[in-house]
Amino acid sequence: MSTKSGVPKVFALADCNNFYVSCERVFNPKLELQPVVVLSNNDGCVVARSPEAKQLGIKMGVPLFEIRALIDQHQVRVYSSNYTLYGDMSSRVMDTLSTFTPTLEIYSIDEAFLALSGFSQLNLTEYAQSVRQTVKQQTGIPVSLGLAPTKTLAKLANRLAKRCSSGVFDLSTADVSDVLAATPLEDLWGIGRRYAASLQEHGYSTALDLRDADLSWVKQRYGIVMTRTVLELRGQSCLPLELVTPPRQSLMVSRSFGRPVTSLTHLQEAIATYTSRAAEKLRQQQLAAGILHVFARTSRYGSVPYSDTVVTSLPVPTNDTAELLHYASRCGEALYQPGLQFSKAGVLLLHLVPETEVQANLFDTRDRTRDRKLMATVDQLNRQFGAGTVRFAAVGLQQPWALKAAHRSPRYTTRWQDLLVVR
DNA sequence: TCTGGGGTCCTAGGACCC
DNA sequence: TCTGGGGTCCTAGGACCC
């Protein structure tokens, strides 16, 4: 695969190793070489594991209560998620990566694709090594790099890089057949559990089988997405780097409750809390929403199955907390049913537009200039004195339904009170 | 007792129109 | 017996990702 100029085109996927655990370790070096896990919101499931924790057989995504015994037995260190810290560490890593190439796509909180076209004169593996070392040195975070002619193969190369001590794996020149033959379908980017099972029923079991599958059959049976995967396995790049972040289409805030909610009051408090948070996020990103979805559900495990969504079209796209709270509260009333044990609720905002491009409505009676000033002041106070300093009464005071986060580390990098003290 | 949260894209099918 | 057909738009649901 070559570009027009004849320069080999290589994608590198840089992926932070056990990112959340690594973030915790940067600020608490005692965690090195110890089994460590980081939990999802509400301390529900394991979402990151140190190699030592993986060694103990702790699987990705397992609920905490299922591995209690293992944790006690091996004194696994357990942390609640600290997304403020991880987000901040992520931007430090991305800043460092971006010094190596102008063509970089930030793919997720801990991954970035780099285009290394034009580096043909250099030894790519050495270059990748210097990327690793620099990121480690400047941020404390270990990363691995996979090199390949397509994104899908770079993803695979990265998996292999994670297993070798050098932390770099290059599939850009070698014949990949042997590697693909040793790769189960569900290890491929874009092939999840369902597709893997379905392909298996048709006699495919490895990535090599899929690469050599009949393209028109794949297209007809599974659609365009998997067809691209097949082509990428063949070394034909179909997924370009996305250098500009596409505008966001939706924004969601949802949480499971720390304990079941049965009263309308508590359901409304939770919905108001999530709505407030969603409105803050909108303002941070200078967006306004035209459609509000509010949903609530009971637990998938036991209890009466119930899940419903109420949709409201807003008269004018808005990011005003008070206005969104007004509509959300109506939705909450519509969703509530006595006797149900609600386990989760959430708010989804759609039809997002830049706040500067909001079309006025002729019949709009709100004094929006005044509203905007109020929100700006509230945001400023909360930035200065901490989140939640100024709140709307609707969010409640006690919040007995609120989620659990019993093991959270301090926000070392984003809160003055939590700054690490060296004695 | 205890099972995450936040996204995107694609497709099928219905509504509607000419 | 005859009862169009094709295009577009929208939505819900399903698949995937981290």
Side-chain angles (χ1 to χ4, degrees), chain A residues 13-20 37-49 59-69 71 78-83 86-87 90 105-113 151-152 155 158-159 185-199 218-229 238-239 242 245-260 270 274 277-278 281-282 285 291 293 295 297-303 307-309 311 313 341 343-352 403-407:
Chain A
L13 175 63
D15 188 322
C16 301
N17 302 350
N18 342 300
F19 181 54
Y20 298 168
V37 298
V38 176
L39 303 176
S40 63
N41 257 314
N42 217 18
D43 291 348
C45 300
V46 171
V47 293
R49 308 156 294 157
K59 299 270 181 264
M60 185 67 172
V62 290
L64 179 62
F65 72 89
E66 282 180 10
I67 53 164
R68 275 286 181 208
I71 283 173
V78 176
Y79 285 85
S80 304
S81 298
N82 188 341
Y83 289 110
Y86 310 150
S90 172
E105 172 189 340
I106 298 174
Y107 176 68
S108 75
I109 192 164
D110 69 338
E111 286 170 86
F113 286 102
K151 281 180 160 182
T152 304
K155 272 278 199 184
N158 191 280
R159 288 180 72 94
L185 288 168
E186 59 269 29
D187 285 3
L188 289 173
W189 192 38
I191 308 293
R193 275 225 312 275
R194 301 304 267 265
Y195 283 162
S198 167
L199 284 164
V218 171
K219 168 86 170 70
Q220 198 252 318
R221 183 100 181 45
Y222 297 100
I224 188 69
V225 177
M226 201 190 290
T227 306
R228 286 195 197 110
T229 301
C238 305
L239 305 167
E242 292 183 27
T245 329
R248 174 194 283 283
Q249 301 185 18
S250 68
L251 190 160
M252 178 148 77
V253 176
S254 77
R255 294 282 183 283
S256 296
F257 301 136
R259 60 165 93 149
Y274 307 154
R277 181 73 194 111
K281 286 189 183 181
L282 277 179
Q285 300 174 41
I291 292 182
H293 284 218
F295 66 88
R297 60 173 306 156
T298 57
S299 171
R300 281 172 295 174
Y301 310 91
S303 85
S307 175
D308 205 1
T309 305
V311 182
S313 233
Q341 300 217 320
S343 68
K344 180 176 183 173
V347 172
L348 177 68
L349 298 168
L350 295 161
H351 282 196
L352 305 185
L403 59 74
K404 292 171 285 191
H407 314 277

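Everything numeric here is computed off the predicted structure, so don't read it as measured data.
Within 4.0 Å (heavy atoms only), A:Leu188 reaches sugar-phosphate atoms of the nucleic acid but no base atom. Note on A:Leu251: only backbone sugar-phosphate atoms sit closer than 4.0 angstrom, heavy atoms only; bases stay farther off. Nucleic acid contact class of A:Ile191 (heavy atoms, under 4.0 Å, all strands): sugar-phosphate only. Heavy atoms of A:Glu66 sit nowhere under 4.0 angstrom from any nucleic acid atom. Using a 4.0 Å heavy-atom criterion, one finds that A:Arg259 contacts no nucleic acid atom at all. At a threshold of 4.0 angstrom between heavy atoms, the contacts of A:Ser250 are confined to the sugar-phosphate backbone, with no base atom among them. Residue A:Val253 is classed as a sugar-phosphate contact, given heavy-atom separations below 4.0 Å to backbone atoms only. Here A:Arg255 lies in heavy-atom contact (under 4.0 Å) with sugar-phosphate atoms only. Within the 4.0 angstrom heavy-atom criterion, only backbone atoms of the sugar-phosphate kind lie near A:Ile224; the bases stay farther away. When heavy atoms are screened at a 4.0 angstrom cut-off, A:Tyr107 is found touching the sugar-phosphate backbone but no base atom.
At a cut-off of 3.5 Å, with distance as the only test, no side-chain donor of A:Ser81 or A:Tyr86 sits close to an acceptor on the other residue. Residues A:Asp43 and A:Ser80 bring a donor and an acceptor atom of their side chains to less than 3.5 Å of each other.
To the nearest 0.5 Å, atoms NZ (A:Lys219) and CZ (A:Arg228) are separated by 9.5 Å.
Both A:Tyr20 and A:Pro247 lie near DNA chain B, and the one whose nearest nucleotide falls closer to the 5' end is A:Tyr20. Both A:Pro260 and A:Lys344 lie near DNA chain B, and the one whose nearest nucleotide falls closer to the 5' end is A:Pro260.
A:Tyr79 is not listed as a side-chain neighbour of A:Leu39, based on a closest heavy-atom distance of 4.5 Å or more. Here the side chains of A:Ser307 and A:Thr298 are not in contact, with every heavy-atom distance at 4.5 Å or above.
Annotation: B:dC2 and C:dC18 have their P atoms spaced 30 Å apart (nearest Å). Comparing the P positions of B:dC17 and C:dT3 gives an interatomic distance of 24 Å, to the nearest angstrom.
For A:Trp189 and A:Tyr195, the ring centers sit 6.0 Å or farther from each other.
A:Arg49 is linked by a salt bridge (Lys or Arg N to Asp or Glu O under 4.0 Å) to nothing, counting only residues two or more places apart in sequence or in another chain.
The side-chain tip of A:Lys344 does not point at the ring of A:Phe257 from less than 6.0 angstrom away and within 45° of straight on.
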### Query
What do the steps show when you test A:Val347 against A:His293 for side chain to side chain contact (heavy atoms under 4.5 Å, CB included), and what is the final call?
CA-CA 6 Å; A:Val347 172; A:His293 284 218; over 6 Å; no
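Consecutive pairing runs in DNA chain B reach the stem threshold at B:5-18 with C:5-18, where a stem means at least three Watson-Crick or G-U wobble pairs with distances under 3.5 Å.
In summary, contact between chain A and DNA chain C, defined as any nucleotide atom under 4.0 Å from a heavy atom of the protein, begins and ends at C:dA15 to C:dC18 in the 5' to 3' direction.
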